[in-house]
**Student:** 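If you scroll down you'll find the structure; I have some questions about it.
Every heavy atom of this structure was used, including side-chain atoms; hydrogens, water molecules and symmetry mates were not.
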There are 2 protein chains.
Amino acid sequence: MAKIDDVARLAGVSKGTVSNVFSQKRPTSKKVTERVLKASKELNYVPNHIARSLVTKKTMAIGLTIPHGNFFFSAFHNQFINGVVLEASRFGYRVLLDMLPMLEVRTPSLASYPIDGAIVLGPTEEDERIRLLHFNGIPFVTVGKIFNAQVEEAPTVNNDNARIVHDICDYLIARGHKNLMFLNASKGTTVSMERRTAFMEALAKHRLLMRDSVHHYKPHIQSDHYLHYGYAETIRVIRESSEKVTAIIADDDRAAFNAMNAIKDLGLRIPEDISLFVICGDLSMMHQTMPPLTGMDLQPSELGAQSVKLLMHKLGISNEGDYPDHLIIESKIVEGASCSSIEGEWQG
Amino acid sequence: MAKIDDVARLAGVSKGTVSNVFSQKRPTSKKVTERVLKASKELNYVPNHIARSLVTKKTMAIGLTIPHGNFFFSAFHNQFINGVVLEASRFGYRVLLDMLPMLEVRTPSLASYPIDGAIVLGPTEEDERIRLLHFNGIPFVTVGKIFNAQVEEAPTVNNDNARIVHDICDYLIARGHKNLMFLNASKGTTVSMERRTAFMEALAKHRLLMRDSVHHYKPHIQSDHYLHYGYAETIRVIRESSEKVTAIIADDDRAAFNAMNAIKDLGLRIPEDISLFVICGDLSMMHQTMPPLTGMDLQPSELGAQSVKLLMHKLGISNEGDYPDHLIIESKIVEGASCSSIEGEWQG
DNA sequence: CTGAAAGCGCTTACAG
DNA sequence: CTGAAAGCGCTTACAG
């Protein structure tokens, strides 16, 4: 690979000038520009990104950290990544995927992240990623509320998790359901905590007893049970419990699928025997299942896009005037046919 | 951020020694190591990744380029990315997502890629990504056959696309279908070319006429029609054509969903009126649709993992002895209930 | 096992 | 508008 000195020599200019032609930070005369470009082409020259980064202190990349076991992203992650990548590219930024398991690998030859900022999806109580970013002095945006104690204040993009759970419970309870099973997200994430609190509030609001309903946390993402979360819980609750659960709220498409399989394996039908509501699923997919799923559209790609915008603002790259430090992304119920009304039994 | 000089001064050693403690490339005495570590902790020191990269010429990142419009990845992409990220992390590598639309953004301030190698998903005839990688002298692996003329020889991971299409056609034709509609991948990709050729061969092999079947290319990924590919084609062919298509082969889950919607909107049923076969779909999802989809398991995450292994080998990082330059990933038919036999009509 | 010094390939004040 | 020189923060022969 040719370097800047080679080009400078061939074009008969200083390397500062070659630098200016490529960075366009200072004007260069037309004929010098042409000479430099010609020499560059001849030598197949392209500025070295790393060397540039070392002095500008900009990598033009943002990190995206997603909790990640040996398993697949869900449809939610998929669309979220889409939103992030697309929006980042609008600012000329690339996205560095940074998964949790890498931490172990990174330790032996620890080094700073080659990124200008980061997006942290799904903060947890003692979030190692946040600790590390903080330690490295890298600005970041969290998607999901950050746990108060960990860091003074960080910009956040979030759904209104409390409201979402209230809406779902209202929706189901209005249809006569009194005993709900909630297949929540993983324990330790702020989103699951917000949801759990809201779940209990919603039940109390309708004068339902928590002990008649069931609440489960998804296993840790590294657990072997992660992929099958929802199946065993559904089987057990329907078969063994006395609570007569009539409606299930599933965290994501995978949990919903697992619950569907459990229900089918028990010889029951959706929604005649049991209702199913999915929180973050893929819209196009939800319409194709049997029956079509009723769920909440969380706008994952919008979550991704907005978190990039917020981060860019923090980095001083976007200059769209004032920008709030905390953004709430709208969500709304999308009706399929997986939730039914229970006749007779319900009371206002 | 503290730098190496600060640590060296505080620990009373040279910066070369500090470097050795962190890189572990040369042994350091125990007590010196401790002194350095103590000083580092005190100063919150972490080696600067960029500075290190400049001299080692290693970024510890690989690029992943996926053709990408303003649209979502499919389940295939999702699982592919998973395989790549996971396998890369085993080698201590990160993954830089590099999407096509960024090219435009990159031009003004062109610079080399800060990556050690790249994975190119779905090469096309005149692949700009390959041209650029080649130009930058960055080793890469393609997933999908590379177009012959473009570059002498590049390591490749691929499905056996010809065989896959033959298997699918054999499967359908054995069930009495004579008029097939093939919703292929995008024109210009080698995968769609391989498939198209195989499609014609398979028909010829069974003495069926190409003109009785229908072949479509997916629109370019930047097209507005990309997301809805399959719907209009299905409507048109079923309603207008005289060919009486009885089976549809869909490139991916999205195309399959679109075809399903079209079939439903026409008041027809799967598989009674028309059969549907999906090439790359998500297994867990395929079981939940109505009816469950019959399709091909391409093992996308294995494709991703193997392409990383191959790349690591090319980079001289993996040393698992000899490694073939071209890998074929197995695929097999997974039966659902979306393909039926046509009685009576078929002949051996 | 450790140190002094050169160098990785750029950008950026500073001077003109 | 252009050049000469210092410097970004590391690693790496080389010498001891």
**Student:** Please list every stem that involves DNA chain C, where a stem is a run of 3 or more consecutive Watson-Crick or G-U wobble pairs with both pairing distances under 3.5 Å.
**Tutor:**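 Stems for DNA chain C, defined as runs of 3 or more consecutive pairs: C:1-3 with D:14-16, C:5-12 with D:5-12, C:14-16 with D:1-3.
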
**Student:** Judged by each residue's nearest nucleotide on DNA chain C, which is more toward the 5′ side, B:Lys57 or B:Thr17?
**Tutor:**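 In this pair, the answer is B:Thr17.
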
**Student:** Might you point out which heavy atoms bring A:Ser186 and A:Tyr226 nearest each other, and give the distance in Å?
**Tutor:**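 In this case the closest contact between A:Ser186 and A:Tyr226 is OG-CE1, 4.5 Å.
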
**Student:** If we only count heavy atoms from C-beta on, is the A:Val18 to A:Val7 side-chain gap below 4.5 Å?
**Tutor:**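 Yes, side chains in contact.
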
**Student:** List the steps, then state whether side chain to side chain contact (heavy atoms under 4.5 Å, CB included) holds for B:Thr65 with B:Ile119.
**Tutor:** CA-CA 6 Å; B:Thr65 76; B:Ile119 292 172; over 6 Å; no

**Student:** Below 4.0 angstrom, N of the basic side chain to O of the carboxylate: do B:Asp325 and B:Lys314 qualify?
**Tutor:**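 Salt bridge flag = yes for B:Lys314 with B:Asp325.
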
**Student:** In whole Å, what separates the C1' atom of C:dG16 from that of C:dT12?
**Tutor:**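 Nearest-Å result for C:dG16 against C:dT12 at atom C1': 16 Å.
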
**Student:** Of B:Val55 and A:Gly16, whose closest DNA chain D nucleotide lies nearer the 5' terminus?
**Tutor:**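 Looking at DNA chain D, the more 5' nearest nucleotide goes with A:Gly16.
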
**Student:** Donor-acceptor pair, distance only, cut-off 3.5 Å: does the side chain of B:Arg94 make one with the backbone of B:Ala61?
**Tutor:**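 Checking the backbone N and O of B:Ala61 against the side chain of B:Arg94, no donor-acceptor pair under 3.5 Å is found.
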
**Student:** Taking the side chain as everything from C-beta on, heavy atoms only, tell me whether A:Ile4 gets closer than 4.5 Å to A:Pro47.
**Tutor:**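 Heavy-atom side-chain distance check fails, nothing below 4.5 Å.
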
**Student:** Hey, which of these two, A:Lys15 or B:Ser29, hits DNA chain C nearer its 5' end, going by closest nucleotide?
**Tutor:**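 Per heavy-atom nearest nucleotide, the more 5' residue is B:Ser29.
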
**Student:** Classify A:Val18 by what it touches in the nucleic acid, base, sugar-phosphate, or nothing, heavy-atom distance under 4.0 Å.
**Tutor:**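 Since no nucleic acid heavy atom lies under 4.0 Å of A:Val18, the category is nothing.
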
**Student:** With a strict under 4.0 Å distance from non-hydrogen atoms of chain B, what nucleotide opens and what nucleotide closes the contacted stretch of DNA chain C, reading 5' to 3'?
**Tutor:**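 Under 4.0 Å from chain B, the extent on DNA chain C is C:dC1 to C:dG9.
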
**Student:** Taking atom types as modelled, is there a side-chain donor on B:Asn20 or B:Thr28 under 3.5 Å from an acceptor on the other?
**Tutor:**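 B:Thr28 and B:Asn20 do not have a side-chain donor-acceptor pair below 3.5 Å.
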
**Student:** Which residues pass the side-chain hydrogen bond (donor to acceptor under 3.5 Å, both in side chains) test with A:Thr142, not counting sequence neighbours?
**Tutor:**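 For A:Thr142 the side-chain hydrogen bond (donor to acceptor under 3.5 Å, both in side chains) partners, ignoring immediate neighbours, are A:Thr156.
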
**Student:** Scan A:Lys25 against the nucleic acid and name what it touches under 4.0 Å (heavy atoms): base, sugar-phosphate only, or nothing.
**Tutor:**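 Answer is sugar-phosphate: A:Lys25 comes under 4.0 Å of backbone atoms only.
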
